[in-house]
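Each remark here refers to the structure printed beneath this line.
This is a predicted model, so every value here is computed, not measured.
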Amino acid sequence: QVQLVESGGGLVQAGGSLRLSCAASGRAFSSYAMAWFRQAPGKERALVAAINWSGDSTHYVDSVKGRFTISRDNAKNTVYLQMNSLKPEDTAVYYCNADKPGVSSYWGQGTQVTVSS
């Protein structure tokens with residue numbers, strides 16, 4: 001079992017930055033691939049960025065490439081999402097996900113990010 005708690009969301013002006021954190025409790029955090037998803041009002045939850053268990057492979061959706069950076073610290077059981085040059089269209093609830101394909105997948109409760117124009 002893995003419990004995930006996101007933090008770091010808030011209200012920011014367009015062009016600003018936020019750093020989201022996802023703290024994991026439970027065993028074997030380093031064996032999970034981690035990802036950030038987001039869900040805007042009236043839209044489906046969608047992948048934003050992902051990182052493999054060791055942190056040496058990352059993936060981003062095109063809309064955030066060059067602006068967002070995902071990283072992890074396995075010693076601290078934490079994954080981060082650094083978000084720069086934020087746009088109003090980045091407004092959403094951001095969710096942390098821990099995944100071990102075919103075995104288990106866990107979600108956090110989400111943190112709201114609001115970008116004003």
Side-chain angles (χ1 to χ4, degrees):
Q1 188 84 9
V2 175
Q3 293 82 42
L4 304 172
V5 178
E6 299 99 334
S7 61
L11 173 64
V12 64
Q13 288 189 331
S17 298
L18 284 174
R19 188 194 196 202
L20 305 183
S21 298
C22 173
S25 59
R27 296 192 291 180
F29 168 78
S30 61
S31 68
Y32 285 83
M34 300 297 296
W36 288 95
F37 286 72
R38 66 187 178 187
Q39 187 167 18
K43 294 190 177 181
E44 303 258 330
R45 190 175 299 188
L47 177 68
V48 175
I51 189 167
N52 72 336
W53 68 273
S54 63
D56 62 2
S57 178
T58 57
H59 169 77
Y60 300 91
V61 295
D62 286 346
S63 59
V64 307
K65 283 181 181 176
R67 301 189 298 122
F68 290 11
T69 303
I70 188 171
S71 61
R72 67 189 296 163
D73 185 337
N74 286 342
K76 295 183 178 180
N77 281 11
T78 303
V79 64
Y80 305 97
L81 186 67
Q82 178 67 45
M83 305 186 294
N84 299 327
S85 302
L86 282 161
K87 303 175 181 180
E89 51 263 43
D90 295 316
T91 295
V93 178
Y94 284 70
Y95 296 90
C96 178
N97 173 260
D99 186 69
K100 192 178 291 185
V103 178
S104 54
S105 185
Y106 301 96
W107 293 93
Q109 83 289 348
T111 185
Q112 176 71 47
V113 171
T114 303
V115 184
S116 63
S117 57

Hey, could you give me each pair passing disulfide bond (SG atoms under 2.5 Å apart) that has a residue in residues 16-100? Not counting sequence neighbours. Cys22-Cys96
Specify the closest pair of heavy atoms between [X] and [Y], including all atoms of both residues, with the distance to one decimal.
X: Ala98; Y: Val2; value: CB-CG1, 4.5 Å
X: Lys43; Y: Gln39; value: O-NE2, 3.1 Å
X: Glu6; Y: Tyr95; value: OE2-CA, 3.4 Å
X: Leu86; Y: Val12; value: CD1-CG1, 3.6 Å
X: Ala35; Y: Leu47; value: CB-CD1, 3.8 Å
X: Arg72; Y: Asn74; value: NE-OD1, 2.8 Å

Please identify each residue that fulfils side-chain contact (heavy atoms from CB on, under 4.5 Å) with [X], with sequence neighbours left out.
X: Ala92; value: Arg38, Ala40, Tyr94
X: Gln1; value: Gln3, Tyr106
X: Ser57; value: Asn52

For [X], check side chain to side chain donor-acceptor pair (under 3.5 Å) against everything at least two apart and list the hits.
X: Ser104; answer: Tyr32
X: Thr114; answer: Gln112
X: Ser31; answer: Lys100
X: Asp73; answer: none

Check: Leu20 and Met83 side chains under 4.5 Å, non-hydrogen atoms: yes
Sidechain-backbone polar pair: Thr91 side chain, Val115 backbone, donor-acceptor under 3.5 Å: yes
Answer yes if Ile70 and Leu18 sit in the same cluster of Ile, Leu, Val, Met, Phe, Trp and Tyr residues linked by side chain heavy atoms under 4.5 Å apart, and no otherwise. yes
Would you say the side chains of Ser105 and Asn97 form a donor-acceptor pair under 3.5 Å? yes
With rounding to the nearest 0.5 Å, note down the distance linking OG in Ser117 to NZ in Lys87. 14.0 Å
To the nearest 0.5 Å, atom CG of Asn77 lies from atom OG of Ser30 at 7.5 Å
Go through the structure and list residues passing salt bridge (Lys or Arg N to Asp or Glu O under 4.0 Å) with Arg67, not counting sequence neighbours. Asp90
Residue list, salt bridge (Lys or Arg N to Asp or Glu O under 4.0 Å) with Asp62, at least two apart or on another chain: Lys65
Applying ring-ring contact (aromatic ring centres under 6.0 Å, His included) as the test, list every pair that has at least one member in residues 36-73; sequence neighbours left out. Phe37-Trp107
Which pairs count as side chain to side chain donor-acceptor pair (under 3.5 Å) when at least one residue sits in residues 14-23, sequence neighbours excluded? Ser17-Asn84
